[in-house]
Amino acid sequence: MRQTGAAGKTSRMSVAAAEPSDSKHATTGALLDVRDLCVSFRDDAGWVPMLNNVAFQVNRGETVGIVGESGCGKSLTALSIMGLLPRRGCLRTGGIVFDGCDIAGLGERGMRQVRGRQIGMVFQEPMSALDPVFTVGDQIAETVRTHFQVSPREAKERAVEALASVRIPAPAACATLYPMNLSGGMRQRVMIAMALVCEPKLLIADEPTTALDVTIQAQIMELLLELGRRTGTALLFITHNLALIAESCERTLTMYAGEVVEDGSVEAMLNRPLHPYTAGLLASLPGRRAPKSRLSSIPGRVPSPRDMPAGCRFGPRCTFATAICQEPQRLRAVDNRRVRCARAVELVLAGAGG
């Protein structure tokens with residue numbers, strides 16, 4: 001296990017004390033295998049656990065969605081996989097096995113060979129991720145030269161080809177522009193081109209359709225899925241939008257308060273969710289309500305990382321909570337899925353169809 005940042009003996013013990021999930025699902029055939037990932041940050045009052053025993057897999061060529069409220073740990077999980085956590089004031093434990101190699105044990109030099117070449121990432125806000133003082137063509141070409149021994153001219157040619165592959169009109173002219181000269185949808189296409197120019201085996205798309213109108217959202221998702229099918233790239237898609245998950249993913253992970261609470265096929269999740277939190281998210285979809293009726297919502301708030309419930313983290317907001325929910329919950333197998341709920345077998349929760 002790798003630890004990021006400096007920490008005292010007490011903090012290491014506190015992180016390790018968290019109960020591991022049922023890791024029997026782990027096999028060597030997965031492209032990405034995240035094993036009991038824990039992440040804590042340090043502030044003036046001490047260490048604050050943010051991720052607790054996050055465990056899941058992404059198979060080769062598979063499209064997996066991660067859904068949950070803001071602050072549940074979706075983006076933090078992605079940054080942990082990419083090795084982009086702060087070097088100081090951060091503690092990470094657990095395993096991250098990618099293509100048979102535990103990249104959690106790699107240093108910065110080793111991760112530079114993985115980022116971009118083996119794992120690409122599309123960040124939430126392209127205007128912040130792109131460098132404003134370089135043209136988009138130069139930024140994509142830099143990615144190519146970092147991982148391949150090619151001439152500057154060939155790198156620029158590949159950059160133009162990458163822009164053309166994401167359906168940007170006049171890609172050669174676009175390559176000479178700066179990020180501020182492009183619209184939000186165009187910047188997002190540039191980010192996708194940069195992430196895919198080295199043909200990675202896995203693409204992590206963190207809210208790739210944020211702040212885009214519905215038409216551009218559909219185009220971006222269609223583009224990502226088409227490129228994934230053509231290149232065989234696996235896709236880990238992070239979003240708040242359950243409709244996009246339903247339309248584009250084969251499997252979905254539901255995260256809540258830094259934990260994976262449900263893991264299974266999209267079809268099974270939509271028809272019969274196993275965790276009350278997943279059912280609450282589905283019930284809040286506007287399309288399920290009669291016209292002019294009141295929207296459904298989940299009562300309460302996400303608990304503070306400093307004040308997590310002793311048992312089920314969703315327990316204080318759950319209408320199905322009983323005494324057994326006061327005990328720590330572990331991911332367990334139920335009907336070819338995994339769920340972090342002791343009552344999953346006995347509960348019959350409504351799916352997207354009502």
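All of these numbers come straight from a predicted model, not from anything done at the bench. When a residue number appears, it is its place in the shown sequence, counting from 1.
Within 6.0 Å of CD in Glu226 there are more than 12 heavy atoms belonging to other residues, nucleotides or ligands. Remark: Phe134 CZ is loosely packed, at most 12 non-hydrogen atoms of other residues, nucleotides or ligands lying under 6.0 Å away. More than 12 heavy atoms of other residues, nucleotides or ligands lie within 6.0 Å of CZ in Arg230, so this atom counts as buried by the packing criterion. A 6.0 Å sphere centred on NZ of Lys74 holds more than 12 heavy atoms belonging to other residues, nucleotides or ligands. Shown here is Asp43, whose CG atom has more than 12 heavy atoms of other residues, nucleotides or ligands within 6.0 Å. Applying the 6.0 Å contact sphere to CD of Gln124 captures more than 12 heavy atoms from other residues, nucleotides or ligands.
Glu262 places a side-chain N or O within donor-acceptor distance of the main-chain N or O of Leu274, the cut-off being under 3.5 Å. Between the side chain of Glu69 and the main chain of Val302, no donor-acceptor pair closer than 3.5 Å is present. Counting only distance, with no hydrogens or angles, the side chain of Arg109 and the backbone of Gly107 share no donor-acceptor pair below 3.5 Å. No donor-acceptor pair under 3.5 Å is formed between the side chain of Glu157 and the backbone N or O of Glu154. In this structure, His147 contributes its side chain and Arg115 its backbone to a donor-acceptor pair below 3.5 Å. Judged by distance alone, with hydrogens and angles left aside, the side-chain atoms of Gln57 form no donor-acceptor pair with the main-chain N or O of Asp33 at under 3.5 Å. The backbone N or O of Pro126 sits nowhere less than 3.5 Å from a side-chain atom of Arg187 that would complete a donor-acceptor pair. Within the 3.5 Å criterion, the main-chain N or O of Ala344 finds no donor-acceptor partner in the side chain of Glu346. The backbone N or O of Ser80 lies less than 3.5 Å from a partner atom in the side chain of Arg92, making a donor-acceptor pair. Judged purely by atom type and a 3.5 angstrom limit, Asp138 has no side-chain atom pairing as donor or acceptor with the backbone of Ala141.
Nearest heavy atoms, Gly351 versus Pro273: CA-CD, 3.5 Å. The two atoms that bring Ala342 and Gln329 nearest to each other are N-OE1, 2.8 Å, heavy atoms only. The two residues Ala195 and Val122 have their closest heavy-atom pair at CB-CG2, 4.0 Å.
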(request) Check the pair Arg189, Gln219 against side chain to side chain donor-acceptor pair (under 3.5 Å), reporting the backbone distance first and the verdict last. (result) CA-CA 10 Å; Arg189 289 173 186 267; Gln219 293 175 358; 3.0 Å; yes
(message) Using side chain to side chain donor-acceptor pair (under 3.5 Å), reason through Glu199 and Thr233 one step at a time and then give a plain yes or no.
(response) CA-CA 8 Å; Glu199 299 182 354; Thr233 300; over 6 Å; no
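Linking ILVMFWY side-chain heavy atoms closer than 4.5 Å, directly or via other members, places Val334 and Phe56 in two distinct hydrophobic clusters. The hydrophobic clustering, which links ILVMFWY residues whose side-chain heavy atoms are closer than 4.5 Å, places Met82 and Leu85 together. Tracing side-chain contacts under 4.5 Å through hydrophobic residues (I, L, V, M, F, W, Y), one reaches Met194 starting from Leu79; they form part of the same cluster. A single hydrophobic cluster is not seen to contain both Met127 and Leu130; linkage of ILVMFWY side chains at heavy-atom distances under 4.5 Å, directly or through other members, places them apart. No continuous path of hydrophobic side-chain contacts links Leu331 to Ile324 [ILVMFWY only; heavy atoms under 4.5 Å].
The only option from Val345, Val339, Leu347 that meets the side-chain contact (heavy atoms from CB on, under 4.5 Å) definition with Arg343 turns out to be Leu347.
Salt bridge Arg158/Glu161: absent, no basic N to carboxylate O contact under 4.0 Å. Under the 4.0 Å criterion applied to side-chain N and carboxylate O atoms, Glu259 and Arg338 are not assigned as salt-bridge partners. Ion pairing of Asp263 with Arg251 is present here, as a side-chain N (NZ or NE/NH1/NH2) and a carboxylate O approach within less than 4.0 Å.
Applying the salt bridge (Lys or Arg N to Asp or Glu O under 4.0 Å) criterion to Asp99, with sequence neighbours excluded, gives Arg60, Lys201. With sequence neighbours excluded, the residues forming a ring pair (Phe, Tyr, Trp, His ring centres under 6.0 Å) with Tyr256 are Tyr277, Phe314, listed by chain and number.
Neither side chain, Ser284 nor Ser297, offers a donor N or O lying under 3.5 Å from an acceptor on the other.
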